[in-house]
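Take a look at the structure below.
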Amino acid sequence: SREEAAFIRPSPSQGALGGVAQKTRETMLLCEAAGYDVILVETVGVGQSEYEVASMVDFFLVLMLPNAGDELQGIKRGIMELADALVINKADGESLGLANRTRQHYQNAMNLLSHGGFWVPRVTTCSATEKRGIKEVWEMIGEYRRGGEASGELAARRARQNGEWLRKLIDRHFTEEEKAQIEALGGWDKLMQTLEERLKEQQGRHEGGNKWIGTGGTSPFGHGGFNP
């Protein structure tokens, strides 16, 4: 990148499904810790399973080409349900009319789906070559963020994503014996509930001025802790 304030890091998927690398989420956290306030995650494409990124970002934008809806048959319904916006690029020159028809095709498909919450997914066009519509896309993302913060849904979405991330880490790294121990403690939902309660207790201690941190009385699993 020519912009000194920007950092670009290619991350090969290395065979990982979902369109992102196995450590994409950890990389995002590292960038946030380094002070980057805007993080763009570009996937390898939209196919049969390349929408894993939706579980780790605030705004899921699907970028499409002007094909007058020809790709509508190939795009998974799951992606349509997860997308916060669909943007048809290359809406310029001879492709302008085709891009507008493509937008209408996707808009009709989006209208058939039910969407709850404060946000209704949008379909729009842009042209990177003519630098047209880019500003409007960014303003749309800003509108989404402000609405999500005001309604509390953005914080709730991040909380769900953190829970899903933890679950995937457990599935990936825990043995069957260790997973059985979690089931013995009441299952995944009980585990998450206990963790949230213990974290709130610790937060209350810190807000009250008590900075003591230990293991015996603070473990989410009680005094004995959890050591598979």
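The shown structure was predicted, so the numbers you read here are calculated from the model rather than taken from an experiment.
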Ion pair check, E164 and R167, cut-off under 4.0 Å:
no
In this structure, would V120 and V123 fall into the same cluster of hydrophobic residues linked by side-chain contacts under 4.5 Å?
no
For L86 versus M110, what's the shortest heavy-atom pair and its separation?
CD1-CE, 3.4 Å
Shortest non-hydrogen separation from G147 to F118 and the atoms involved:
C-CE1, 3.5 Å
Can you give me every donor-acceptor pair (side chain of residues 27-37, partner residue at least two apart or in another chain, under 3.5 Å) with its distance?
residue, atom, partner, partner atom, Å
T27, OG1, K23, O, 2.8

I'd like to know whether Q107 forms a side chain to side chain contact (heavy atoms under 4.5 Å, CB included) with N111, so could you lay out the CA-CA distance, the side-chain angles of the two residues, the decisive distance to 0.1 Å, and finally the verdict.
CA-CA 6 Å; Q107 186 64 68; N111 292 339; 3.0 Å; yes
Give, for atom CG of L154 and atom CZ of F59, the distance between the pair rounded to the nearest 0.5 Å.
11.5 Å
Side-chain heavy atoms under 4.5 angstrom apart, residues restricted to Ile, Leu, Val, Met, Phe, Trp, Tyr: same cluster for L82 and W165?
no
If I compare all heavy atoms of P66 with all of L98, which pair ends up nearest, and what's the gap?
O-CD2, 3.1 Å
Go through the structure and list residues passing side chain to side chain contact (heavy atoms under 4.5 Å, CB included) with Q161, not counting sequence neighbours.
R25, R157, R158
I'd like to know if the side chain of T175 reaches the main chain of E178, judged simply by a donor and an acceptor atom lying under 3.5 Å from each other, with no hydrogens or angles considered.
yes
With D92, which residues qualify under side chain to side chain contact (heavy atoms under 4.5 Å, CB included), at least two apart?
S127, T129, E130, R132
Keeping D84 on the side-chain end and F60 on the backbone end, is there a donor-acceptor pair under 3.5 Å?
yes
Consider only side-chain heavy atoms of I, L, V, M, F, W and Y, link residues closer than 4.5 Å, and tell whether I39 and M56 are in one cluster.
yes
Closest heavy-atom contact between I88 and A99?
CG2-CB, 3.9 Å
Cut-off 3.5 Å, side chains only: do Q104 and N108 have a donor facing an acceptor?
yes
Closest non-hydrogen contact found for N89 with A128 is OD1-N, 3.3 Å
Please name all residues satisfying side chain to side chain contact (heavy atoms under 4.5 Å, CB included) with K179, sequence neighbours left out, ordered by chain then number.
I170, D171, F174, E176
Which residues share a side-chain hydrogen bond (donor to acceptor under 3.5 Å, both in side chains) with E183, sequence neighbours left out
none
With salt bridge (Lys or Arg N to Asp or Glu O under 4.0 Å) as the test, would you mind laying out the steps for R122 and E136 before giving the verdict?
CA-CA 12 Å; R122 303 178 186 179; E136 288 74 11; over 6 Å; no
To the nearest 0.5 Å, what is the distance between OG (S95) and CZ (R101)?
10.0 Å
Following the transitive rule for hydrophobic clusters with a side-chain heavy-atom cut-off under 4.5 Å over Ile, Leu, Val, Met, Phe, Trp and Tyr, establish whether V38 and L63 coincide in one cluster.
yes
Residue list, side-chain hydrogen bond (donor to acceptor under 3.5 Å, both in side chains) with R145, at least two apart or on another chain
E149
Could you walk me through whether M64 and T102 satisfy the side chain to side chain contact (heavy atoms under 4.5 Å, CB included) test, starting with their C-alpha distance in whole Å, then the side-chain angles of each, then the deciding distance to 0.1 Å, before giving a yes or no?
CA-CA 9 Å; M64 305 298 296; T102 302; 5.6 Å; no
Quick check on E139: does its CD atom have over 12 non-hydrogen neighbours (other residues, nucleotides or ligands) under 6.0 Å away?
yes
Connected via hydrophobic side-chain network under 4.5 Å: V62 and L113:
yes
Where is the tightest heavy-atom contact between L61 and V137, given as atom of each residue plus distance?
CD1-CG1, 3.8 Å
Could you grab the distance from atom CG of L185 to atom NZ of K190, nearest 0.5 Å is fine?
10.0 Å
